[in-house]
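Each remark here refers to the structure printed beneath this line.
Quick note on labels: first sequence line is chain A, next is B, and so on, each numbered from 1.
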Amino acid sequence: MNKYRSHNCNELRKKDIDLKVSLSGWVNKKRDHGNLLFIDLRDNYGITQCIIDKENTNFSLLEKIQLETVIKVTGRVVDRSDETVNREIETGEIEISIENFEVLGSCIELPMPIFSDQEYSEEIRLKYRFLDLRRKKIHENIILRSKVISFIRHEMNNLGFLEFQTPILTSSSPEGARDFLVPSRLNPGKFYALPQAPQQFKQLIMVSGFDKYFQIAPCFRDEDARADRSPGEFYQLDMEMSFVEQEDVFEIVEKLLLKTFKKFSKKRLMFDRFPRIPYSESLLKYGNDKPDLRNPLIIQDITEIFTREDVSFEIFKKLVKSGSKVRCIVTKNTKNKPRSFFDNIDKWAKEQGASGLAYFTIEKDKQLSGKGPIGKFFSHQSLEALIDLTQAKIGDSIFLACAKERELERITSLARDKIAKDLDLIDENAFAFCWVVDYPMFKKDEETQIIEFSHNPFSMPQGNPDKIDFNKPLDILAYQYDIVCNGIELSSGAIRNHVPELMYKLFSIAGYDKKQVDEKFSGMINALSYGAPPHGGIAPGIDRIVMLLADEKNIREVTMFPMNQNAQDLMMNAPSKIDERQLKELNLILKSKK
RNA sequence: GGGGGUGUAGCUCAGUUGGUUAGAGCGAUCGCCUGUCACGCGAUAGGUCGAGGGUUCGAGUCCCUUCACUCCCGCCA
């Protein structure tokens, strides 16, 4: 028999009445009636009410016990009368009549209450994460995370994938985010980098002939935090397959994600198959490459309207002449919305750094007319043309913005979210997945005008390699794809380029000569020359998947021991100073910061 | 690196136009209470109003600087 307990705190039921039991757990709550004391004892599994009265010699000791003390109680399971049954907890039909108890772990005064639905500052939660994790919601989130990971692992095994570990101490790569570096004692002046993803290793695994690989892989990127992005480290379901095309990857991942989301969430799945949206279309219609398809609003380009003679909205016309574009969002049947609705959105847009969002509503008396501040600038013929172009109906409103393409995408993307929220158009009880496909291989840095890889340098360009026009690098598309769910980027993947000559060619466009490629990616480029299979893969973000399933807005709610926004672990005091001896061993000298 | 928000008791928060000794709930301590499940009742302790400077007869409140936390932009192949 176990020294500490015969049952856990969510085990005893009516059938156990009269049984002599022992339970161990935390004192969740006390209710002291002076001569009668109730103690809610809590463990990982649940809560059991324990009771003791003044007749028992232990009464006065238990009366004084601090909340969150860990105790073992022994006693008999007793029935509760009908009036005193607690339907809120699973053990609510019984209680333990305490005969004896023992303190297993005492507790000093708490910095934050455990038994409470109050919200606390992140600072205190992260500093005392071990207390925070005792609280119901986050405790359940972490359990959910464990179950999701184990389900995925099981599914991947069934699909014939093999799980491998890849090195954590590896080499720095010139592309991508900033690396976390680890100085090498045995190689003075040289550094390891923590992997931003096991990208090269998983490709090497394919070259090694293992066919299907996966890993719940830690990834390290030294980038600033966001609500959906932990600083430092996160986990990906990293996977790679040999002898596959884009379609094969889609087939596997779609099924896996749908199965996972069906199993772990009650929310509706909007699509049985993920819609596929080309990158360029996504930028136009949604203003970004992570569209929230729960939002029915679509952005449309109406620049041509502003070249018409019978449109007299001179500010926009002038901007259009100098290369700006005009895009709009049509809202259905909003003619009766109060003026404040429109003005709030315009005001909001100005706060976002835009010049504002112009708007008018299409009305028809005898003729079409635009109602609203700028409605008068449009002739009825121009409104007809606008209706043709946008499929807007009478009674709909049009929000428009005019700017250079990049800025226009930014503001219309934000406006699309904002307007949908104001009109309550987003179904919070749904998951809307999609693929964003056909990413360009290269992009031009706005400031430096230098051509660089837009996504992943190891992606295979689309089309016959012999026919690709390398003189127009910005037109080259890649077999590169993302999965987006509810506006959150969940995964990124690609069919890889396994042809060394093609790789050199593409790297040369991004400014790396053969020697640099050989140096920086020696392991991989070398391997590709020794018989590499065509291969591809993807890497869904585990933390974000769990975040969506747990219906949380912040990734720290599904991360056991997260760092704060400044990438500090307030509980472990990381990062921390190191002593001179260690620095010396590592051949490091610290430069004092002024 | 930049912008927004927040910072008052251990925790969550209130604090009016600048005006007496800065309040509440929870928690803590002490007392009362035998059926609660957010138990109830009474009392006590607990404050560098994030820090520094300024304006003022007087600052939690106004101004400047700064720090911490957070959200966002940049960044995230």
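- No hydrogens or angles were tested; on distance alone, a donor-acceptor pair under 3.5 Å links the side chain of A/Arg229 to the base of B/C76.
- Between the C1' atom of B/U36 and the CZ atom of A/Phe59 lies a distance of 12 Å, rounded to the nearest Å.
- Note on A/Asp82: nothing from the nucleic acid sits closer than 4.0 angstrom, heavy atoms only.
- Nucleotide B/G19: paired with B/C57 (Watson-Crick or G-U wobble, both distances less than 3.5 Å).
- Taking the charged nitrogens against the carboxylate oxygens, A/Arg327 and A/Glu405 do have a contact shorter than 4.0 Å, which makes a salt bridge.
- Of the residues in residues 120-132 of chain A, those with a non-hydrogen atom less than 4.0 angstrom from any atom of RNA chain B are A/Tyr120, A/Ser121, A/Glu122, A/Glu123, A/Ile124.
- As rounded to whole Å, 15 Å separates atom P of B/C76 from atom CZ of A/Phe453.
- Rounded to whole Å, atom P of B/G35 lies 14 Å from atom NZ of A/Lys54.
- In this structure, A/Ile96 places its CD1 atom 16 Å from C1' of B/U36, rounding to the nearest Å.
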task = Given salt bridge (Lys or Arg N to Asp or Glu O under 4.0 Å), test A/Glu90 with A/Arg13 step by step and report yes or no.
result = CA-CA 8 Å; A/Glu90 292 179 71; A/Arg13 299 290 184 271; 3.6 Å; yes
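- Applying the 3.5 Å distance criterion, the base of B/U70 shares no donor-acceptor pair with the side chain of A/Arg226.
- Partner A/Arg496 forms a side chain to side chain donor-acceptor pair (under 3.5 Å) with one of A/His535, A/Glu240, A/Gln480 and no other, that one being A/Glu240.
- With sequence neighbours left out, the salt bridge (Lys or Arg N to Asp or Glu O under 4.0 Å) criterion links A/Asp422 to A/Lys418.
- With hydrogens and angles ignored, no donor-acceptor pair closer than 3.5 Å exists between the side chain of A/Gln118 and the base of B/G27.
- Remark: A/Asn28 is not in phosphate contact with B/C37, judged by side-chain N or O atoms under 4.0 Å from OP1 or OP2.
- RNA chain B is contacted by both A/Pro113 and A/Thr84; A/Pro113 maps to the nucleotide lying nearer its 5′ end (nearest heavy atom per residue).
- For B/C11 and B/G47, the C1' atoms lie 14 Å apart once the distance is rounded to whole Å.
- Of all nucleotides listed (B/G27, B/G35, B/C71), B/G27 comes nearest to the side chain of A/Lys29.
- Nucleotides B/U56 and B/C13, compared at atom P, are 36 Å apart to the nearest Å.
- A cation-pi arrangement, defined by a distance under 6.0 Å to the six-membered ring centre and an angle within 45 degrees of its axis, is absent between A/Lys520 and A/Tyr512.
- Inspection of the A/Asn564 and A/Glu123 side chains reveals no N or O donor paired with an N or O acceptor under 3.5 Å.
- A/Ser454 comes within 4.0 angstrom of sugar-phosphate atoms only, judged by non-hydrogen atoms across all strands, and of no base.
- For the pair A/Phe442/A/Glu452, no side-chain contact is recorded, criterion being any heavy-atom separation below 4.5 Å from C-beta on.
- Between the P atoms of B/C49 and B/C62, the separation comes to 16 Å (whole Å).
- B/G7 and B/C67 make up a base pair, with Watson-Crick or G-U wobble contacts both under 3.5 Å.
- With distances taken from any side-chain atom of A/Glu95 to the nucleotides B/U36, B/G10, B/C75, the minimum falls on B/U36.
- Between the base of B/C37 and the side chain of A/Arg87 there is no donor-acceptor pair shorter than 3.5 Å.
- Across every strand in view, B/G1 sits in a pair with B/C73 that passes the Watson-Crick or G-U test at under 3.5 angstrom.
- For the P atoms, the distance from B/A24 to B/A9 is 14 Å, rounded to whole Å.
- Protein atom CG of A/Asp222 is 15 Å distant from nucleotide atom P of B/C75, rounded to whole Å.
- Distance, A/Asp40 CG to B/U36 P: 14 Å, rounded to whole Å.
- Residue A/Glu88 is out of contact with every strand shown, counting any heavy-atom pair closer than 4.0 Å.
- Each of A/Arg31 and A/Ala227 has a nearest nucleotide on RNA chain B; the 5'-most of these lies closest to A/Arg31.
- Residue A/Val85 is classed as a base contact, given a heavy-atom separation below 4.0 Å to a base.
- Geometric assessment of A/Lys514 against the ring of A/Tyr504 yields a positive cation-pi assignment under the 6.0 Å and 45° thresholds.
- Residue-level contact check: A/Pro457 touches the bases, meaning some heavy atom is under 4.0 Å from a base atom.
- Distances were taken from every side-chain heavy atom of A/Arg80 (C-beta onward) to each of B/G10, B/G35, B/U70; the shortest belongs to B/G35.
- Going from atom CD of A/Glu63 over to atom C1' of B/A28 covers 15 Å, rounded to whole Å.
- The separation of B/C26 from B/U16, taken at their C1' atoms, amounts to 26 Å, rounded to a whole angstrom.
- In this structure, B/U29 forms a base pair with B/A43, meeting either the Watson-Crick or the G-U wobble geometry with both donor-acceptor distances under 3.5 Å.
- Going from the P atom of B/A45 to that of B/G50 covers 24 Å, rounded to whole Å.
- Atom P of B/C57 sits at a distance of 32 Å from the matching atom of B/A14, rounded to the whole Å.
- Across the C1' atoms, B/G27 and B/C64 are found 38 Å apart, a figure rounded to whole Å.
- A side-chain N or O of A/Tyr439 and one of A/Asp482 form a donor-acceptor pair less than 3.5 Å apart.
- No donor-acceptor contact under 3.5 angstrom links the side chains of A/Asn86 and A/Gln49, judged on distance only.
- Between the CZ atom of A/Phe115 and the P atom of B/U36 there is a distance of 16 Å, rounded to whole Å.
- In this structure, a donor-acceptor pair under 3.5 Å is absent between the side chains of A/Tyr479 and A/Asn497.
- In this structure, A/His33 forms an aromatic stack with the base of B/C39, since both conditions hold: centre separation below 5.5 Å and plane angle below 30°.
- Within the nucleic acid shown, A/Glu119 comes within 4.0 Å of sugar-phosphate atoms alone, with no base atom in reach, counting heavy atoms only.
- Among B/C71, B/U36, B/C75, the nucleotide with an atom closest to any side-chain atom of A/Phe38 is B/U36.
- Side chain A/Gln49 to base B/U36: a donor-acceptor pair is found below 3.5 Å.
- For the pair A/Asn86 and B/U36, the criterion of a side-chain N or O lying under 4.0 Å from OP1 or OP2 is not met.
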